[in-house]
Amino acid sequence: MKRKDILLALLVVTAWGVNFIAIKVGLLVLPPLLLGALRFLLAVVPIIFFLPRPPVAWKWLLTLGLCINVGQFAFLFYGMKVGMPAGLASLVLQSQAFFTLFFAIAWFHESWCWNHIAGLLIAVGGMSVIGMNQDGNMTMAGFVFTLAAAVSWGLGNVVMRRTTLNLPPFSMLSLAVWASAVAIVPLFILSYCVEGIASWRTAYQNFDGVTLCAVLYLSYIATLGGYGLWGRLMSRYPATVVAPWALLVPIVGMSSASFFLGETFSLWQGLGSLGVMAGLLVHVFGQRWKL
């Protein structure tokens with residue numbers, strides 16, 4: 001990669017890592033589903049009027065939006081609301097790589113490689129250590145919701161692959177924006193049914209400049225900026241060159257959560273985190289290593 005593109009990759013990784021801080025800040029005032037709806041509303045309007053709809057069938061666009069935006073962020077935001085620390089959330093969410101593999105095997109009949117199995121076993125061991133060691137800064141409900149978000153993201157990745165299969169090149173930003181548009185109405189309806197009008201009224205009364213900055217960051221920096229630059233890199237280089245940069249997101253997420261939010265991790269959570277990262281590294285790079 002060229003030096004300027006390496007800087008862009010680092011910029012995206014940083015934006016996505018700090019994204020978890022913005023979520024925590026937003027959740028101090030806004031209920032989870034309403035925060036998700038506002039995130040996508042601001043990310044879509046008005047830019048959607050200047051971007052053509054991507055050349056994909058409506059059924060796949062709707063499915064993609066429901067999986068990767070509604071499912072992933074509804075579960076993630078709820079998980080972080082009910083006790084998942086921002087730093088650990090940034091790590092556990094990366095288990096989407098393994099769920100993506102599961103769905104790809106089931107849907108596209110892809111085959112396992114030794115590094116996939118080894119990486120999965122190592123990461124599962126790390127996840128188990130994290131899940132079994134709750135020291136007051138993480139709840140089991142938060143952990144399970146975050147895993148559910150990873151499942152939704154993994155399914156969304158496979159849907160995206162099916163969506164873009166055999167299509168000519170097009171703007172990934174347009175796909176991100178139109179898939180985000182799909183999420184707005186379902187998230188508002190879910191928020192109305194689950195969280196209620198009373199929570200909206202309370203959020204409105206307590207809404208302040210800090211909360212606004214958090215929502216704007218989620219909408220414009222993490223969503224539009226992040227996915228726009230990521231799509232630009234993916235269009236210039238093979239996925240095998242660009243995708244591994246995402247492994248830096250948990251490092252940025254955990255370090256920034258420690259610095260900005262004062263989050264701490266127990267010894268066992270730290271060891272489990274190292275296990276998950278080791279599993280991800282084996283999963284991504286294992287085939288390049290000589291046995």
Side-chain angles (χ1 to χ4, degrees), residues 1 5 8-9 11-13 15-16 19 22-23 35-77 93-94 96-97 99-101 103-104 107-108 110 149-188 215-246 249:
M1 294 177 67
D5 290 327
L8 287 180
L11 184 62
V12 173
V13 166
W16 284 348
N19 169 63
I23 294 172
L35 176 59
L38 291 175
R39 169 185 181 155
F40 291 116
L41 177 63
L42 292 181
V44 166
V45 180
I47 192 173
I48 194 170
F49 300 111
F50 302 95
L51 289 174
R53 184 173 71 85
V56 300
W58 273 109
K59 65 176 182 179
W60 293 117
L61 187 61
L62 292 172
T63 304
L64 178 63
L66 292 175
C67 291
I68 211 164
N69 290 330
V70 176
Q72 178 188 179
F73 290 104
F75 284 128
L76 175 62
F77 287 10
L93 193 62
Q94 292 303 316
Q96 57 83 20
F99 292 115
T100 299
L101 177 62
F103 291 125
W107 197 336
F108 295 106
E110 294 186 1
V151 173
S152 297
W153 188 2
L155 180 58
N157 286 337
V158 179
V159 172
M160 181 178 293
R161 179 176 172 184
R162 174 60 183 83
T163 298
T164 58
L165 200 64
N166 300 323
L167 288 179
F170 62 91
S171 170
M172 293 302 293
L173 178 60
S174 68
L175 180 61
V177 169
W178 280 81
S180 295
V182 171
I184 297 172
V185 172
L187 284 172
F188 270 119
V215 176
L216 292 176
Y217 184 96
L218 293 173
S219 300
Y220 297 114
I221 305 299
T223 303
L224 295 182
Y227 283 108
L229 291 177
W230 192 257
R232 180 177 176 182
L233 292 173
M234 292 290 282
S235 67
R236 293 182 176 181
Y237 302 96
T240 53
V241 173
V242 179
W245 285 93
V249 172

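Quick note: residue numbers are just sequence positions, from 1.
Between Leu173 atom CG and Trp178 atom CH2 the span is 12.5 Å, to the nearest 0.5 Å. In this structure, Leu11 CG and Leu229 CG are separated by 6.0 Å, a value rounded to the nearest 0.5 Å.
By the side-chain hydrogen bond (donor to acceptor under 3.5 Å, both in side chains) test, Trp153 pairs with Asn157, sequence neighbours left out. Listed by chain and residue number, nothing satisfies the ring pair (Phe, Tyr, Trp, His ring centres under 6.0 Å) test with Phe103 (two or more places apart in sequence, or in another chain). With sequence neighbours excluded, the residues satisfying side chain to side chain contact (heavy atoms under 4.5 Å, CB included) with Ala150 are Leu93, Ser95, Gln96, Phe99.
Annotation for Leu35 and Ile23: closest pair CD2-O, 4.0 Å, computed over non-hydrogen atoms. Across all their heavy atoms, Ala15 and Ile221 have their closest contact at CB-CG2, 3.9 Å.
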Report, one line per pair, each donor and acceptor closer than 3.5 Å where one atom sits in a side chain of residues 40-67; sequence neighbours left out.
residue, atom, partner, partner atom, Å
Arg53, NH1, Val56, O, 2.7
Thr63, OG1, Lys59, O, 2.6

Side-chain atoms of residues 180-187: list all donor-acceptor pairs with protein atoms under 3.5 Å, sequence neighbours left out, distances to 0.1 Å.
residue, atom, partner, partner atom, Å
Ser180, OG, Ala176, O, 2.7

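The side chain to side chain donor-acceptor pair (under 3.5 Å) pairs that include a residue from residues 215-227 are Arg39-Thr223, where partners are two or more places apart or lie in different chains.
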